[in-house]
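All remarks here apply to the structure that follows.
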Amino acid sequence: MLNLYNTLTRQKEPFRPMEPGKVRMYVCGMTVYDYCHLGHARVLVVFDMVYRYLLAQGYEVTYVRNITDIDDKIIRRAAENGEAIDALTGRFIQAMHEDADALGVLRPTHEPRATQHVHDILHMIQRLMDRGYAYVGENGDVYYSVSRFDGYGRLSGRRLEDLRAGERVAPDESKRDPLDFVLWKAAKPGEPAWDSPWGPGRPGWHIECSAMSTHYLGNHFDLHGGGQDLQFPHHENEIAQSEAATCEHFVNYWMHNGFVRVDEEKMSKSLGNFFTVRQVLEHYRPEEIRYFILGSHYRSPLNYNDQALEAARSALSRLYTALRGLEPAHPGDAGAPWRDRFNAAMDDDFNTPEALSVLFDLAREVNRLRQTDPQEAAPLAGCLKALGGILGLLQADPEGFFQQDGTGDAVDAAEIEALIQQRLEARQRRDFTEADRIRDDLKARGILLEDGPEGTTWRRG
RNA sequence: GGCUGGGUGGCAGAGUGGUGAUGCAGCGGCCUGCAAAGCCGUGUACAUGGGUUCGAUUCCCGUCCCAGCCUCCA
């Protein structure tokens, strides 16, 4: 049985979906005005892992991950670029899809965009107005009145008075309470706008997630995820909006993934210490990034540096090495002990590091058996590949993985094969000086030769 | 200032009230023409001071240190 840490209760709880066999989950996606950085990659990969595991457990999952395609930063960036807003967002949505695809992230069931749901947003704001939770400020913006909502602060463990005492709450004349947040932003001249009962404007950020999650998943659903920094205020505000508008409990389980760090510091745009996915992909294979992300527990901080990515590369190489030269067979019962351990680890709040350690134990067993009994090794290799697949790993052809050009500096495969042949001939006439020269030359070019029982194989190292 | 998390062996990173993580690196051995890969073996690790306990890295309290949220942020 799956247990997961629920931010709402600050403890691990057994996961019981509202409808047996079906899970409805919503994850806050990105605001598309720039390329994905590793922080975004972590959200994508972590919740993809959750999605895959739920699917593997036999659940029918409706997975919604939104795209914020209208907000201040987008408007500003478009203006800076002299680019139309939809051109800008279209460009970065495509880039995000490319990055997500590269990282092996499955497409969610629905990927709604805020601009396509303005109708739902207006409808929800109207309900909040009707129920007295919203008001129009002096500047024409529509605000949510935080003090009207009893449970405000529950998710993030704060009390209103503590928040008001915080030194960083900026007073705003048009708000009744500095903690109130905007539902509808009145348009300034030249800004994109939609008509509304409160004048032309655009949605505030928080309301879109309430409106879209409700639209696709109903008023009350199972699982809501996102980065830790969304816990407050974004998710707190979502709860306030949705529960005030629908009079129903909003979400049963809240999950938040930890940050990616650089030099023990949060990776963020404002600090300028971020690495985009495509920057990292210039030096590392996508699967190495995915392994790097899953090598830490999703709630822990994840420190980014080259050594960490190198370590991911080594670890992944070991797993693929175990798969090498074997035709993965249907595991049957042979893999049961490892499958059980794997599932136990995943059931414990998605403990991917522990689950990976099971994969290494399994890889050792495969390596041990392949020498003595390849018949038995094949089903275990099948198990290894299948369990890896639940994490979105190990699905490539092993030789392809070792030989693919992950790090630039292409050496022609045909040339390598020719040199291997030359070396083989040298070895046959016991000219080891020549044989070693060929091997050393290739090594200098990043190609490692390995003599096995079935001949010489090569890989990029 | 308020509120959250966390400090594990050379590094990364799980976990546990009393033998095992796992990966990388190291050391010894097997295999190999030599390597590589693989296999076998190999580590007085749990910030610090108290307390609870037959026994604590694991529970409780204090201290120090780190990160995060309280403003846009994944």
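Here the structure is a predicted model, which means the values were calculated and not measured. Chain letters run A, B, ... following the sequence lines, proteins first, then strands; residues in each count from 1.
- Figure legend: Arg299(A) and Tyr5(A) shown as a cation-pi pair, the cationic atom lying under 6.0 angstrom from the six-membered ring centre and within 45 degrees of its axis.
- Among the protein residues, Thr457(A) comes within range of no part of the nucleic acid, since none of its heavy atoms lies under 4.0 Å from any strand.
- For NZ of Lys443(A), the number of neighbouring non-hydrogen atoms (other residues, nucleotides, ligands) closer than 6.0 Å is 12 at most.
- When distances run from any side-chain atom of Trp205(A) to the nucleotides A74(B), C72(B), C73(B), the shortest one goes to C73(B).
- Proximity of Ser300(A) to the phosphate of A14(B): a side-chain N or O atom is located under 4.0 Å from OP1 or OP2.
- Each of Phe274(A), Phe275(A), Phe259(A), Tyr284(A) was checked for a ring-ring contact (aromatic ring centres under 6.0 Å, His included) with Tyr304(A), and the lone residue meeting it is Phe275(A).
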Item to complete: Quick one, give me the B/S/- string for nucleotides 27-38 of chain B, reading 5' to 3', where B means a protein heavy atom under 4.0 Å from the base and S means that only happens at the primed atoms, P, OP1 or OP2.
Response: ------BBBBSS

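- Whole-Å rounding puts the Tyr152(A) OH to C70(B) C1' distance at 11 Å.
- Remark: Arg164(A) engages Asp177(A) in a salt bridge, criterion side-chain N to carboxylate O under 4.0 Å.
- Backbone-only engagement by Glu265(A) is indicated by non-hydrogen atom pairs under 4.0 Å involving sugar-phosphate atoms exclusively.
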Worksheet item: Step by step, would you call Met212(A) with Tyr26(A) a side chain to side chain contact (heavy atoms under 4.5 Å, CB included)?
Response: CA-CA 9 Å; Met212(A) 290 191 284; Tyr26(A) 184 94; 4.1 Å; yes

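- Between Asn351(A) and G15(B), a side-chain N or O to OP1/OP2 separation shorter than 4.0 Å is present.
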